Amino acid sequence: MGGKQSRGFSSKELNEGSGRQRSKSSSRDGQPSLSSAAERFRKHTTVHFGYNTLSLAMRALVETPSELWELREVQKLNLSMNCLSSLPPALGALDNLVILNLWGNNLSSLPVEISLLKKLRVLFACRNRLSEVPEELGRCTRLEVLSLANNQITGLPNSLGAMHNLTKLNLSHNRIVHIPTCVYSMKGLVFLQLACNRLETIADQIQDLVNLKILIVEGNSIHSLPKTLCFLESLELLNVDFNDLQNVPVELYLLSRLGRLACHPMDKGLHIIHNPLLKPIKEVLQGGLSALYNYLKPT
């Protein structure tokens with residue numbers, strides 16, 4: 001469901017609003033009302049796909065206007081592609097947020113008050129400068145989509161293991177050496193993206209992700225795949241391209257939903273040919289995935 005469109009704020013308007021003296025008047029019932037600057041922000045909210053939405057994307061913001069945090073009714077907030085290096089604790093005041101987009105800023109951390117966003121279901125924090133994630137994020141247990149791609153993250157706090165509603169997790173292009181232990185507790189994961197990290201192994205606990213349909217670990221240094229990976233019966237896309245694999249588990253034929261060898265990065269199937277595979281696996285793969293499975297199946 002769409003809503004009426006309105007003219008966006010200019011950078012000048014935002015900066016003027018941010019530097020203006022903020023005074024609150026009293027409403028008729030004696031409660032403080034929104035400041036006049038906050039009312040200006042409210043006029044620029046729209047209803048988009050059923051969400052009260054405010055977009056401040058691409059405004060060259062160095063800091064967020066303080067009036068923004070008065071708009072508790074906002075459910076979808078877009079702060080992407082600005083120059084933000086931090087977010088204030090006041091972020092926690094927007095406790096009706098469902099979708100928060102922080103993509104493409106200079107954030108080095110997330111405020112611990114993010115834990116107050118109990119209704120949050122989607123968080124995009126990719127393309128920032130995050131080196132760690134606060135433990136408090138684990139309290140956002142309604143999260144369904146979390147993207148932390150293109151940061152400097154080396155691990156995740158164990159508290160994130162409580163995110164049992166999470167279906168999509170993107171950790172690509174970070175500095176992760178081992179898949180964080182908490183990931184194996186995210187039983188609802190359908191999509192797990194770990195491309196272009198520093199992985200060398202995948203733990204046996206991967207079998208706990210029984211709902212996983214897409215696993216992407218291309219561009220790492222993985223030298224072997226655990227046989228427990230082959231117990232993920234729902235897996236439809238497995239991308240292990242550009243690793244150090246020489247062999248595959250003999251149980252690989254159990255992944256019947258892969259269906260074929262795939263080339264395009266997001267095609268369903270098995271992506272494996274860009275590895276230093278040894279004979280006879282390399283030659284067998286010339287006949288496609290079915291040939292490989294026939295070779296691996298016990299006689």
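Residue numbers count from 1 along this sequence. Worth saying up front: this structure is predicted, and the values here are computed from it rather than measured.
- Glu135 and Pro157 get closest at one heavy-atom pair: CG-CB, 3.7 Å.
- By the 4.5 Å heavy-atom criterion applied to side chains, Pro226 and Ile202 are counted as neighbours.
- More than 12 heavy atoms of other residues, nucleotides or ligands shown are found within 6.0 angstrom of NE2 on His223.
- The local environment of CD in Glu144 is crowded, with over 12 non-hydrogen atoms from other residues, nucleotides or ligands closer than 6.0 Å.
- In terms of modelled atom types and a separation under 3.5 Å, the side chain of Asn170 and the main chain of Ser172 share a donor-acceptor contact.
- Taking the side chain as every heavy atom from C-beta outward, Leu166 and Leu189 approach each other to under 4.5 Å.
- Under the side chain to side chain contact (heavy atoms under 4.5 Å, CB included) rule, Leu229 has a single partner from Leu254, Val240, Leu238, Leu252, which is Leu238.
- The two residues Ala162 and Gly138 come nearest to each other via the heavy atoms CB-O, 4.1 Å.
- Paired with Leu137 under the rule side chain to side chain contact (heavy atoms under 4.5 Å, CB included), one option of Leu117, Ile114, Leu156 passes, and it is Ile114.
- You'll find the side chain of Arg42 stays beyond 4.5 Å of the side chain of Glu70, heavy atoms only.
- Between Pro298 and Tyr253 the shortest side-chain heavy-atom distance falls below 4.5 Å.
- Using a distance-only test at 3.5 Å, with no hydrogens or angles considered, no donor-acceptor pair links the side chain of Asn158 to the main chain of Thr181.
- The side-chain hydrogen bond (donor to acceptor under 3.5 Å, both in side chains) search around Ser185 returns none, not counting sequence neighbours.
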Side chain to side chain contact (heavy atoms under 4.5 Å, CB included) between Arg175 and Arg198, intermediate numbers included: CA-CA 6 Å; Arg175 300 175 180 178; Arg198 300 174 181 178; 3.8 Å; yes

Can you list, pair by pair, the side-chain donor-acceptor contacts under 3.5 Å of residues 118-131, counting residues two or more places apart and other chains?
unit_1, atom_1, unit_2, atom_2, d
Lys118, NZ, Ser115, O, 3.2
Lys119, NZ, Asn96, OD1, 2.7
Arg121, NH2, Tyr51, OH, 2.8
Asn128, OD1, Asn105, N, 3.3
Asn128, OD1, Asn106, N, 3.4
Asn128, OD1, Leu107, N, 3.0
Asn128, ND2, Leu102, O, 3.1
Asn128, ND2, Ala125, O, 3.1
Asn128, ND2, Cys126, O, 3.1

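- Listed here is the closest heavy atom pair of Val217 and Leu199: CG1-CD1, 4.3 Å.
- Inter-residue side-chain proximity for Thr64 and Trp69 is flagged as met; some heavy-atom pair is nearer than 4.5 Å.
- The two residues Arg59 and Leu56 have their closest heavy-atom pair at CG-O, 3.1 Å.
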Derivation and outcome, side chain to side chain contact (heavy atoms under 4.5 Å, CB included), residues Asp208 and Lys187: CA-CA 7 Å; Asp208 295 338; Lys187 309 296 186 181; 3.5 Å; yes

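- The closest donor-acceptor contact from the side chain of Gln75 to the backbone of Asn52 lies under 3.5 Å.
- Proximity of Glu136 to Leu116: side-chain heavy atoms (C-beta onward) are nowhere separated by under 4.5 Å.
- At a threshold of 4.5 Å between non-hydrogen side-chain atoms, the residues Asp267 and Arg260 count as touching.
- The backbone N or O of Asn174 sits less than 3.5 Å from a side-chain atom of Asn197, completing a donor-acceptor pair.
- With contacts defined as side-chain heavy-atom distances shorter than 4.5 Å, the pair Leu261/Ile272 qualifies.
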